[in-house]
Amino acid sequence: MDRLIEELKNNFGYDHFRDGQRTIIEDVMNGRDTLGILPTGTGKSLCYQLPAHLLKGVTVVVSPLISLMVDQVKQLKAQGIKAVTAINSFMDRNERIRVTKNLDRYKLIYVSPEMLQNDDIVDGLKRTGVDLFVIDEAHCISQWGHEFRTDYLKLHLVIEELGDPTVLALSATATPEVQDDILEKLNKPDMNKRIHPMDKTNISFAVKHVTTPESKLIEITQLLERTHVPTMIYFSSRQWAERVATELQTKLNKRIAFYHGGMEQTDRMLVQQQFMNDQLDIICCTSAFGMGVDKKNIRLIIHFHFPPQLESFIQEIGRAGRDGAASASLLLYAPKDHYLPQMLIESELPDVNRLPGILNYVERKRGQNGVLPLDEVIIGDLELSESQWNFIHFQMEQAGMVDNRHIMKPTEDPDFLQKLTMLVQERWTYKQNKLNEMVHWIHETGCRRVSLYQSFQDNTRLPEVPCCDACEFDIDEIEWQEVNRTEIAGGTWEERLASIFGRGVAR
Amino acid sequence: MLQEIVLICIKHMKEERTVSGIYHLLTGKRSSQTMQDAKAYQLSSFFGVHKSLERHELTEVLQSLEEKEMIVTDELYARLTKKGALYLKQRDIQNQLSGFRGLDYHQVTPVLTKRLLLLIQTVTNLNGKKNSFVPIIDDAGVQAWVRGVYSSKRHQLESFVATLYEELNTVLEACSKREAYLFVCRLTGNGQVGSTYDQLADECHIKKWDVHLHLERVMHQMIHIVKADPSSFSALSLCLEGLGSSSLITESAKRTYYYVERGWTIEEIVQKRRLKESTIQDHIVEAALVLPDFRIESFVSLEGQSLIVTMARSLQTKRLKEIYLGLKEEFSYFQIRLTLAHHQHHSREESLHGSVN
Ligand SMILES: Nc1ncnc2c1ncn2[C@@H]1O[C@H](COP(=O)(O)OP(=O)(O)OP(=O)(O)O)[C@@H](O)[C@H]1O
Ligand SMILES: [Mg+2]
Ligand SMILES: [Zn+2]
């Protein structure tokens, strides 16, 4: 048995590498900067977790999702890999200081991008010596990516500062355009690319055109009366997620809950864990759910609303069939459905007519004390959404007008105004095109699989399951039965308390 | 339950306060006005009993009361009708709503609840040999606390779990059946995940806000029972350790803090305690240093805090004089000290990235 396999077995308990893992790991071990694109749920984490184990120095992983970092740290610790930690802004201060002082005790360190703006942490890493610098969800670095994050843009500076360790950038959904942008933003034009097909060969696709939201509900009810499998239903609004969850509860004899970003933190955790623990059959959620949820046996992804671009869609259906077994995606479309994403785009970008007023506001702050108020205050004063303000703030930073909260230069510059207007329009057009692509896919009459993946890869593999509703798949024919139930002790509070504490009930 | 509480508030406030006053009272707004109101109108037991109540939910309750002709409202004020007054008497509501101790405990319950949920999840799972589970509480402070308790009890885990179980049983027996049931359904452990507020509201056919209130009352009763006889509740006393102002600051500062929490101004405290203004200010800074939840907005506005913190950061200094001059003497030394003291707990440079969903 060769060494890598042996290490894989000893540390992770797996017998084989999955497609693509081995080459990426070998590249990285040989010190080659690598861009790795592997489909969701196929094991990107292993591509750095194993090298982290084998390399002498430290492996740093930048990840935008704090919950994901924390989960992975926990998972690894549960597997007996102790030399791992996560540094993020949720950590309490003392703990952060303690960890920062003792970085050399760890082999694998997860950090949130904003933490890398902290000099103490970067200095600490520099002293310890970083062998491998990993950027997870690397599409966040690209303005053309669907989850662009401004704090990813400064990563190339950190990499330089750390003495140019080997870089591994990982993503599940990156068009060729985004891939190029990643190389450019990282300042690594010669990066070695390992792009693996992202088409999911175990998912069948279907789209149904209906006339009203009510008919969507009927479709869903009929499907779920026949089919009993772990299911996710995606919505683009919180209200709809709640409403449909409630309605389905009255119509179906199933365990259903909703999940969205407006819920209290503990309740969100509870729903997520209930689903993982097979205490729920169906989850009605917004895109806030799912990141980092590694439930293996989700079989059905239904889109009650469609997301604003294909990338998000691909990521969301990627939650299904993580164990490789047959799964399906159903998208329900009603004629007015594109209004909602349209409105979303508008709420994300500032209205160009308001730009002069906004710059004037900043200029007045410059006159007063040269400092920007808290974001909450600005958003309130100017009646902007958070992302509208973030966009403007970022552009001002790029133009050197502000540095974080300090206003460095006059902001009422006509050239800048013109440039800003152009940028807003450019971005708007871009998002609009993305939305059109999505809508176009919904109206596709040819093979949906081919059309879904064609902008991401040259060829689409033959699926192991019926392909799509243009080929041979008929969603009305599926009748799946596969429910694992974790039963919850019912009865009186005394019985329930006893069961949680694992003791016999005293009657 | 919320409906009855709102009725009582309306009755006691006698149109001298707007409905906003009720909202601030129930959500526990830390302003001198609200705290004084709570005392003056004998509503302190309801202070902060539902901190996440939303404005529109209160409006909904008011509307439904109006439809039932128990109150009449205009834009700002609400008044009890005869029917409403009768209703309050007839069902002996005052008794039914006893057991809340909002002003005393509203600050303790959030942390205590989180501690209990995570502690129970941890010890029951580990005791049942389930070693890997995802913590139900994401709060780093609470996680560190549970880790501490676990490492001190790991060698007598079995007996600690038994003690905790017995104590919870005793406390819950003193609660109503429904409230005990709601509390137990929230718990996660031993392979079961607890229920959300919405699920409980559905299951018990009550409003979500009433689930909050019932659970809050269980916590108030628990704290009350445990504090009255700590030696009989060793496990639950442990959960209360370090919560509230009592164990952290000096006696004298504690007295000052007591008044601040009840909305007194510095001048008033100076008069009451016959101490120098600077001493009282020292006490307040001391409280801010040790109590992360101590809100200082009544002394320095949020915007002011932002300016001070930004200045301190950009000058890379904690030297008061430099900050004072840097801000063109806009803020007093006291305000600067207080802000720095408060923000050492909250030194997250970055704003969190929210998402539309
Ligand atoms: N070689 C392997 N053999 C068996 N299971 C594996 C292997 N590699 C990874 N896995 C498992 O596959 C699952 C998904 O892995 P991981 O979370 O790394 O996926 P990912 O590609 O990062 O997904 P996402 O795009 O959602 O971030 C995990 O449960 C992991 O344990
Ligand atoms: Mg991943
Ligand atoms: Zn097809």
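All chains are named by letter (A, B, ...) in the order of the sequence lines, taking the proteins before the strands, and each is independently numbered beginning at 1.
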Atom OH of B:Y181 and atom CD of A:E495: how far apart are they, to the nearest 0.5 Å? 10.0 Å
Walk me through it: do A:L280 and B:Q199 pass the test side-chain contact (heavy atoms from CB on, under 4.5 Å)? CA-CA 12 Å; A:L280 286 174; B:Q199 289 168 337; 4.1 Å; yes
Which region of A:E242, side chain (C-beta onward) or backbone (N, CA, C, O), has a non-hydrogen atom less than 4.5 Å from a non-hydrogen atom of chain B, or is it both or neither? neither
Minimum heavy-atom distance B:E158-A:R503, with the two atoms named: OE2-NH2, 4.2 Å
Heavy-atom distance under 4.5 Å to chain A: side chain of B:L172, backbone, both or neither? both
Can you check whether B:L327's main-chain N or O pairs, donor with acceptor, with A:N369's side chain at less than 3.5 Å? no
Please state whether the side chain, the backbone, both or neither of B:S195 comes within less than 4.5 Å of a heavy atom of chain A. both
So does B:Q156 have more than 12 non-hydrogen atoms from other groups sitting under 6.0 Å from CD? yes
Please look at A:Q265 and chain B and tell me whether the side chain, the backbone, both or neither of the residue comes under 4.5 angstrom of a heavy atom of that chain. side chain
Below 4.5 Å, heavy-atom pairs only: which of B:V309, B:I137, B:L164 has the largest tally toward chain A? B:L164
Go through B:K114, B:R186, B:K177 and name the one with the most non-hydrogen pairs under 4.5 angstrom from chain A. B:R186
Mind ranking B:D198, B:L168, B:I136, B:L182 by heavy-atom pairs under 4.5 Å with chain A and telling me who comes out on top? B:I136
Quick check on the interface: out of A:M263, A:R496, A:R268, who has the most heavy-atom pairs with chain B under 4.5 Å? A:R496
Proximal component of B:Q305, with respect to chain A [non-hydrogen, under 4.5 Å]: neither
Please classify the contact between B:L117 and chain A as side chain, backbone, both or neither, with a heavy-atom cut-off of under 4.5 Å. side chain
Heavy-atom nearest pair, A:E264 first then B:S52, reads OE2-OG, 3.1 Å
In Å, rounded to the nearest 0.5 Å, how long is the span from CZ of A:F501 to OH of B:Y165? 8.5 Å
State, to 0.1 Å, how close A:G502 and B:N190 come at their nearest heavy-atom pair, and which atoms those are. CA-ND2, 3.5 Å
Does the distance from a Lys or Arg side-chain N to an Asp or Glu carboxylate O, for A:D267 and B:K208, drop under 4.0 Å? no
Donor-acceptor pair, A:Q279 side chain versus B:V193 backbone, under 3.5 Å? yes
Where does B:N169 contact chain A at under 4.5 Å (heavy atoms): side chain, backbone, both or neither? both
Roughly how far, to the nearest 0.5 Å, is the OG1 atom of B:T188 from the CG atom of A:L270? 5.0 Å
Hey, what do you get for CD (B:Q121) to CD (A:Q273), rounding to the nearest 0.5 Å? 6.0 Å
Would you say the side chain of B:D202 lies within less than 4.5 Å of the side chain of A:Q249, judging by non-hydrogen atoms? yes
When you measure from the side chain of B:E303 to the backbone of A:V377, do you find a donor-acceptor pair of N or O atoms at a distance under 3.5 Å? no
Can you measure from CE (B:M311) to NE2 (A:H406) and round to the nearest 0.5 angstrom? 7.0 Å
The reported gap from CD1 in A:I378 to OG in B:S306 (rounded to nearest 0.5 angstrom) is 8.5 Å
For B:Q192, what residues pass the side chain to side chain donor-acceptor pair (under 3.5 Å) criterion, not counting sequence neighbours? A:S499
Segment of B:L187 engaging chain A (4.5 angstrom heavy-atom cut-off): both
Hey, mind stepping through B:F183 and A:L497 against side-chain contact (heavy atoms from CB on, under 4.5 Å) and telling me if it holds? CA-CA 9 Å; B:F183 177 83; A:L497 187 67; 5.6 Å; no
Taking all non-hydrogen atoms of both residues, which atom of A:N277 and which atom of B:G191 are closest, and how far apart? ND2-O, 2.9 Å
Return yes when atom NZ of A:K254 has more than 12 non-hydrogen atoms of other residues, nucleotides or ligands closer than 6.0 Å, and no otherwise. yes
